[in-house]
Amino acid sequence: MTSTPDASKQRFNAEAAAWDTQPAVLEATRQAFEALQPLIRSFTAKKGSNLDVLEFGCGTGLLSMQVAPLVTEIVAIDLAEGMVDMLRAKLEKPDSPKNIIPICKLLMDPEDPILPPADVNNPRGSRKKFDLITSHLVLHHVPDLRPFLRTLIGCLKPGGRVALTDYEDFGEQAKKFHPKEKWDTCERHGIQREWMEGLMKEIGFTEVNVRVAWTLKKDVERWQEGDEDIMDFPFLICEGARP
Ligand SMILES: C[S@@+](CC[C@H](N)C(=O)[O-])C[C@H]1O[C@@H](n2cnc3c(N)ncnc32)[C@H](O)[C@@H]1O
């Protein structure tokens, strides 16, 4: 497929205002948070509550808002300004978490000055590194996952971990995750488990573990008479560590 960051950006700017009204999106976020909680808790058990998180492709911040109370700070990045503006509007409310930093950027460089500095007293110095990087429902939009994963590993502290969640490419039927009209904004129809494991190892992640973490029920298009209109989609959690 031939999606581009621009096509992705246009689609998500257009969908931003109504993003949080989609039941499947809300349910997938709830399930992602449930899958991530053991990892977050094992980190905090080791390090106390001091945990710096980066979320790639945060969208309107559905997952960031749930993760925020469990961590020190979460930098929430997305390339679509419409999605980030929705998150910024949520953060203006008085009872919102105060530890989310929204950023609109297609981040390619772990030393990009748009990231917070590692040392607040040296604002032009090297950029902050993270204990945990998450991304939910993003991998299938990224044209080339090699540079993307290189950026991620470069944003981790030594010993830091990624936990990336997206639906599995389990064959032809996985294409039904999106209606045909949205296929041109997807780079791939889900993530193939073994391929992703190999790619993460090639980039330099250790302790790589890609497994099905949950299954989402989702309304789908019926391509022919007799097709189901609700399908089960397995979701993968792709874990790895920076040595
Ligand atoms: C399907 S949406 C998921 C949004 C959010 N994670 C959620 O589950 O509600 C995919 C998001 O990833 C963003 N995105 C795609 N590629 C990206 C990249 N390389 N860097 C940052 N954001 C990206 C899109 O702008 C969009 O907001």
Side-chain angles (χ1 to χ4, degrees), residues 1-36 53-68 74-90 100-110 112 114-115 130 132-155 162-168 174 177-179 181-191 203 213-214 216 218 233 235-238:
M1 278 176 272
T2 53
S3 81
T4 62
D6 278 349
S8 193
K9 199 166 156 173
Q10 271 177 20
R11 172 185 158 192
F12 289 109
N13 281 337
E15 290 191 17
W19 187 254
D20 292 6
T21 64
Q22 303 172 80
V25 167
L26 298 177
E27 177 58 8
T29 306
R30 189 193 66 74
Q31 291 175 314
F33 181 56
E34 210 164 272
L36 289 171
V53 179
L54 175 62
E55 185 183 358
F56 253 86
C58 62
T60 61
L62 289 170
L63 186 60
S64 313
M65 300 281 279
Q66 295 190 45
V67 169
I74 174 160
V75 173
I77 291 201
D78 200 287
L79 60 80
E81 57 270 29
M83 299 293 255
V84 180
D85 285 347
M86 294 296 290
L87 170 57
R88 289 196 178 110
K90 290 179 193 176
I100 301 180
I101 302 178
I103 294 178
C104 183
K105 177 93 189 187
L106 173 59
L107 189 73
M108 312 278 282
D109 176 5
D112 191 312
I114 203 159
L115 289 168
F130 297 87
L132 175 65
I133 299 181
T134 62
S135 92
H136 177 55
L137 280 170
V138 178
L139 297 176
H140 69 273
H141 288 295
V142 178
D144 185 349
L145 282 170
R146 279 184 179 82
F148 179 83
L149 290 172
R150 272 189 213 108
T151 306
L152 262 54
I153 202 168
C155 287
V162 292
L164 317 172
T165 47
D166 208 342
Y167 67 101
E168 182 178 20
F177 191 85
H178 292 98
E181 72 194 38
K182 291 192 178 169
W183 283 8
D184 62 350
T185 60
C186 298
E187 186 57 32
R188 53 189 70 75
H189 294 291
I191 301 300
I203 299 300
W214 76 87
L216 175 77
K218 192 173 189 290
F233 291 91
F235 266 69
L236 300 177
I237 185 162
C238 311

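Start at 1 and go down the list; that is how both ligands and their atoms are numbered.
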Donor-acceptor list for residues 143-152 side chains, cut-off 3.5 Å, not counting sequence neighbours:
residue: D144; atom: OD1; partner: R146; partner atom: N; Å: 3.0
residue: R146; atom: NE; partner: E202; partner atom: OE2; Å: 2.7
residue: R146; atom: NH2; partner: E202; partner atom: OE1; Å: 3.3
residue: T151; atom: OG1; partner: M108; partner atom: O; Å: 3.1
residue: T151; atom: OG1; partner: P147; partner atom: O; Å: 2.9

Which pairs of donor and acceptor atoms, one on a side chain in residues 74-83, lie under 3.5 Å apart (sequence neighbours left out)?
residue: D78; atom: OD1; partner: A80; partner atom: N; Å: 2.9
residue: D78; atom: OD2; partner: C58; partner atom: N; Å: 3.4
residue: D78; atom: OD2; partner: G59; partner atom: N; Å: 2.8

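For atom 3 (C) of ligand 1, the closest heavy atom belonging to the protein is H136 O, 3.7 Å. Nearest protein heavy-atom contact of atom 27 (O) of ligand 1 is D78 OD2, 2.7 Å. Nearest protein heavy-atom neighbour of atom 5 (C) of ligand 1: G57 O, 3.5 Å. Among all protein heavy atoms, the one lying closest to atom 19 (N) of ligand 1 is L106 CD1, 3.3 Å. Closest protein heavy atom to atom 17 (C) of ligand 1: L79 CD2, 3.4 Å. When hydrogens are left out, the protein atom nearest atom 10 (C) of ligand 1 is L137 O, 3.5 Å; that is the closest non-hydrogen contact.
Less than 4.0 angstrom separates some heavy atom of M83 from each of these atoms of ligand 1: 27 (O). Close approach of ligand 1 to S8 is summarised as follows: ligand atoms under 4.0 Å from at least one heavy atom of the residue are 15 (C). Every atom of ligand 1 with a heavy atom of A80 under 4.0 Å away is listed here by number and element: 25 (O).
In this structure, L63 does not count as a contact residue of ligand 1, since none of its heavy atoms falls inside 4.0 Å of the ligand. Residue contact annotation: K9 has no non-hydrogen atom under 4.0 Å from ligand 1.
Among all heavy-atom pairs drawn from L137 and A28, the shortest one is CD1-CB, 4.3 Å. Nearest heavy-atom pair, W183 versus H178, reported as atom, atom and distance to 0.1 Å: NE1-O, 3.0 Å.
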**Request:** List the steps, then state whether side-chain contact (heavy atoms from CB on, under 4.5 Å) holds for L139 with L236.
**Result:** CA-CA 11 Å; L139 297 176; L236 300 177; over 6 Å; no
**Message:** Set out, in order, the CA-CA distance, both residues' side-chain angles and the distance that settles side-chain contact (heavy atoms from CB on, under 4.5 Å) for F177 and D166, then state yes or no.
**Reply:** CA-CA 11 Å; F177 191 85; D166 208 342; 5.9 Å; no
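Under a 3.5 Å cut-off, the side chain of E55 and the backbone N or O of S64 do form a donor-acceptor pair.
Using a 4.0 Å cut-off between charged nitrogen and carboxylate oxygen, D20 and K90 count as a salt-bridge pair.
Considering both main-chain and side-chain atoms, W19 comes within under 3.5 Å of ligand 1 through a nitrogen or oxygen pair.
When the heavy atoms of F56, F12, F148 are ranked by distance to atom 26 (C) of ligand 1, first place goes to F12.
Ring geometry, Y167 versus F233: the interplanar angle exceeds 60°, so the pair is classed perpendicular (tilted spans 30 to 60°).
Contacts between A32 and ligand 1, counted as non-hydrogen atom pairs separated by less than 4.0 Å, are absent for every part of the residue.
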